[in-house]
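One structure is given below, encoded as structure tokens.
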Amino acid sequence: MMFTLAEVASLNDVQPTYRILKPWWDVLMDYLGLVMLMLAIFGMTMQITKDHMACLPCLENPQEESGAGHNSFTEQTTQGSSGTSAPMFTSAPLVTKDLPDSVVHEIHATQQQMSAASEEFWRQPPPTGVRTNLDFQQYAFVNQMCYHVALPWYSKYFSYLTLIHTLVLMVSSNFWFKYPKTCSKIEHFVSILGRCFESPWTTKALSETACEDSEENKQRLTGGSSAPKQVSTEGSDQASNANSSTPMLGVKFSADKPIAEVPSNMTILDKKDGEQAKALFEKVRKFRVHVEDSDFIYKFYVVQTIVKTVKFILILSYTSTFLAKINFKHVCEPDIKQLTGYKKFFCTHNMAFMLNKLLISYMALILIYGMACLYALFWVFRRPLKEYSFEKVREESSFSDIPDVKNDFAFLLHMVDQYDQLYSKRFGVFLSEVSENKLREISLNHEWTFDKVRQLVTRNAQDQQELHLFMLSGLPNAVFDLTDLEVLRLELIPEVRFSAKVSQMSSLRELHLYHCPAKVEQTGFAFLRDHLRCLHVKFTDVAEIPAWVYLLRSLRELNLIGNLSSENNKMIGLESMRDLRHLKTLCLKSNLAKMPTNITELSPHLIKLVVHNDGTKLMVLNSLKKMINLIELELHSCELERIPHAIFSLTNLQELDLKSNSIRTIEEIISFQHLKRLCCLKLWHNKITTIPSSISHVRSLEALHLSHNKLESLPPALFTLPKLWHLDLSHNAILVLPADVALLHNLQYLALNSNKLEVLPKPLFRCLKLKALLLGNNALTFLPESVGHLLQLTHLELRGNCLDRLPVQLANCRMLRKTGLVVEDHLFDALPVEAKESINQESTFTSG
């Protein structure tokens, strides 16, 4: 059964897209395989159609048999000529009497000619050679027997072996494209690589890089204009200052160089192309994770290359030994003497010459094939194919963050480089986070237009225009067009870049960066340095704090919220804050074990320090003594058991807040008499059980917060503070309110809610300046009628008591309105109509 060359060649077919993974030696071996396949099929065709042997018997005594044959033949001829035997041709008498004379004459002439020819024949010499007694059927039988007996097996099966060897080599060359565990990854890789190569985003990104390079070269050659040169110099000065003062932060604005403007047609990207590019980034990321964890494809390729090399050596070694055995002449001795009468035959093989030439050609081809295999092995083991670096791409483009890849991913890229390095270069674009961020930026700017951003601007509690952006891929350029924006809040935005356009936001004074690693260009930094007043930075690790934060010399308030534990304390960079010459407020919401010693650098100008420690015990506070200009101090959740002695050295302190600590006793409060300016003391959310009488020495105190403690009684000395106007004693266990409360003539706010009061002293209502009286959740059974004396009362809380009724005299409290009266509805409804109308009516005060 015959088959076509195309059918056999299909074994070597691979998908056209796989050609990018075929280095030159694999392509060469494929072509050599095809040539060897054609050679094998040609040899097989010739052997099937024309291959045979021709044999003659060899006589055991050829001279004797030859003489006997010649003598017998001579005797026969002699006898015939001498006339002892009848001649071969005799002339029989013919009846001619009835024939015409002319016919008779012709007949006699013919008879004479035949007689002459017969005599000439017998006079010729006898034939030469060995006479045998075999017929044609016997010769055919002998030829077949000797073909199988005398002819070497290699001469008979050479073409078939060549076909088998060639098929094995062809299968080995392309098996990695067919094997399930490798072809799935290869197919995915080739598909992604082709899309990355043809993606419009690749062309755009590389074109922008080319524009950047040309712009930089132009500036380098021309020297640039004077204005940009000034900015660059200023930025470099800042960078040098930063490096000299904060070497650990490594502030280098050159890393955040502004992107050169590119032509308008290059900045436009079709929305569909953008979505496809984003999908490609995701596919590349997942494929990298899937492939980089193993090197199976690499090992498989190595194994198949070794198999081909071993196959080449095997073919070459045994084929060379059989080359000399392909001969034209052969001696055959089949065991068929009983059938032919001869024991030995002399044979010729008609295909010997052709097979010899085909074998030489095959050996030449296999030698070239083997050299290619050896080179492939040399290439595989000489180069570190399990690592691939995009070093050239980084040098030639701005994508300096393209990561090195390894294992199967690296091997596939090495193979692609053998085809065309442009593929890996364009593929590297999709491994770069810079490129991905640029794409996100373009998509973001398409989505977040100026009108959409403008709609999110609101007014905050300080009546400032505020914009809050949450979980975007980046900072839209439209934000920089909000020239009247005062507060900008950015939360969970992975890529924030303040370009030179931020200088358009002339009203911006406050910036919040919550888990937003922000980069700033030189021109943008110059604007923020001179205009920003308040900065809030929330982070997980201290390394996320932008280095340029410590260079904002016009900053008034800095809030750092995140992990500043002792392990990371050295990285806080507070020693750089000496450049924050105008900083007044520093807020650290973290888990400090001790106060950073470098914070003393801020002591000359800091007036407010806030430490919210999230329950971590703050041990060392001696550095506070040097902050003599401090006016406000907050130490929240620091697990303090006593009031720190370092606080008593802060002679300018006006407000102290020790909320949510573990303070049980405040005997040290007598030392506050040295703090002549202390007017607000907050000791709320602690475990204080008693107030010492020495509190009377703190004559400057105006506000005292003791809520959420364990107080059961109040000393009379508490009510001797002449300036006290705000007293919060809520959420304690106080049973009795002393009548001495009437001594607080300036009292405006009194909170006694959530205690155990049963009766209110009547002298309480002599505090005629009271505006807020909170008595909810106690055990009061009645409210004295003298409450009507509190003409300035605007807020009265009574809910949660055991009151039967409300006094009618509440109507005398002209400033009290229904919204400021917190009481059960049935008690309010029980008041007389006139009283309810008086409380319900609107006044100029409430409407204003």
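Checked against a 6.0 Å centroid threshold, the rings of Phe648 and Phe672 count as neighbours. For Phe480 and Phe450, the ring centers are positioned 6.0 Å apart or more. For Tyr514 and Phe470, the ring centers are positioned 6.0 Å apart or more.
Evaluation of the side chain to side chain contact (heavy atoms under 4.5 Å, CB included) rule for Lys687 yields Ser662, Arg664 as partners, not counting sequence neighbours. Residues that satisfy the side chain to side chain donor-acceptor pair (under 3.5 Å) test with Gln464, not counting sequence neighbours, are Asn460. Judged as a salt bridge (charged side-chain N to carboxylate O under 4.0 Å, His left out), and not counting sequence neighbours, Arg677 has no contacts. Qualifying side chain to side chain contact (heavy atoms under 4.5 Å, CB included) partners for Asp614, counting only residues two or more places apart in sequence or in other chains: none.
Between the side chain of Glu292 and the main chain of Lys406, a donor-acceptor pair closer than 3.5 Å is present. Of the possible polar contacts, one joining the Arg509 side chain to the Ser506 backbone as a donor-acceptor pair under 3.5 Å is found. A donor-acceptor pair is defined here as one N or O able to donate and one able to accept, closer than 3.5 Å; no such pair exists between the side chain of Asp530 and the backbone of Phe527. Without hydrogens or angle criteria, Asp728 side chain to Ser707 main chain gives no donor-acceptor distance under 3.5 Å. Side chain of Ser590 to main chain of Gly562: a donor-acceptor pair is present (N/O by atom type, distance under 3.5 Å, no hydrogens or angles).
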N/O donor-acceptor pairs under 3.5 Å from side chains in residues 485-496, not counting sequence neighbours:
| residue | atom | partner | partner atom | Å |
| --- | --- | --- | --- | --- |
| Glu486 | OE2 | Gln465 | N | 3.0 |
| Arg489 | NE | Glu466 | OE2 | 2.6 |
| Arg489 | NH1 | His512 | ND1 | 3.4 |
| Glu491 | OE1 | His468 | NE2 | 3.1 |
| Glu495 | OE2 | Asn437 | ND2 | 3.4 |

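Nearest heavy atom pair, residue Leu475 against residue Leu469, reads CD1-CD1, 4.0 Å. Considering every non-hydrogen atom in both Asn661 and Leu658, the closest pair reads ND2-O, 3.0 Å. For the residue pair Phe390 and Pro403, the shortest heavy atom distance occurs at CD1-O, 3.6 Å. Pairing each heavy atom of Leu551 with each of Arg529, the nearest pair is O-CG, 3.6 Å. In terms of heavy-atom proximity, Ser503 sits nearest to Ala500 at OG-O, 2.8 Å. The two residues Trp684 and Lys659 have their closest heavy-atom pair at NE1-CB, 3.2 Å.
Atom NZ of Lys283 is surrounded by 12 or fewer heavy atoms from other residues, nucleotides or ligands within 6.0 Å. Residue Lys452 qualifies as enclosed at atom NZ: its count of foreign heavy atoms under 6.0 Å is above 12.
In this structure, Leu511 CG and Leu528 CG are separated by 7.0 Å, a value rounded to the nearest 0.5 Å. With values rounded to the nearest 0.5 angstrom, Leu704 atom CG is found 6.5 Å from Leu683 atom CG. Going from atom CG of Leu552 over to atom CG of Leu583 covers 10.0 Å, rounded to the nearest 0.5 Å. Between atom CG of residue Leu650 and atom CD1 of residue Ile631 there is a gap of 11.0 Å, rounded to the nearest 0.5 Å.
A salt bridge does not link Lys617 with Glu639: every distance from a Lys NZ or Arg NE/NH1/NH2 to an Asp or Glu carboxylate oxygen is 4.0 Å or more. Electrostatic pairing of Asp484 and Arg454 counts as a salt bridge here, judged by a charged N lying under 4.0 Å from a carboxylate O.
Counted by atom type alone, Asn591 and Asn613 present zero donor-acceptor pairs between their side chains at under 3.5 Å. Side-chain contact check for Glu634 and His612: at least one donor-acceptor pair (N or O, by modelled atom type) lies under 3.5 Å. A donor and an acceptor atom, one from each side chain of Asn559 and Glu557, are located under 3.5 Å apart. Defined by atom type and a distance below 3.5 Å, a donor-acceptor pair is present between the side-chain atoms of His636 and Asp657.
Between His731 and His708, the ring planes are parallel. Angles under 30° get that label, and only those over 60° would be called perpendicular. Taking the six-membered ring for Trp and thresholds of 30 and 60 degrees, Phe287 and Phe409 have ring planes more than 60 degrees apart, a perpendicular arrangement.
Within the structure, side chain to side chain donor-acceptor pair (under 3.5 Å) contacts touching residues 665-676 (residues at least two apart or in different chains) are Arg642-Glu668.
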(message) Let's go through Leu630 and Ile607 carefully: what are the C-alpha distance in whole Å and the side-chain angles of both, what is the deciding distance for side-chain contact (heavy atoms from CB on, under 4.5 Å) to 0.1 Å, and is it a yes or a no?
(response) CA-CA 4 Å; Leu630 207 60; Ile607 62 174; 5.5 Å; no
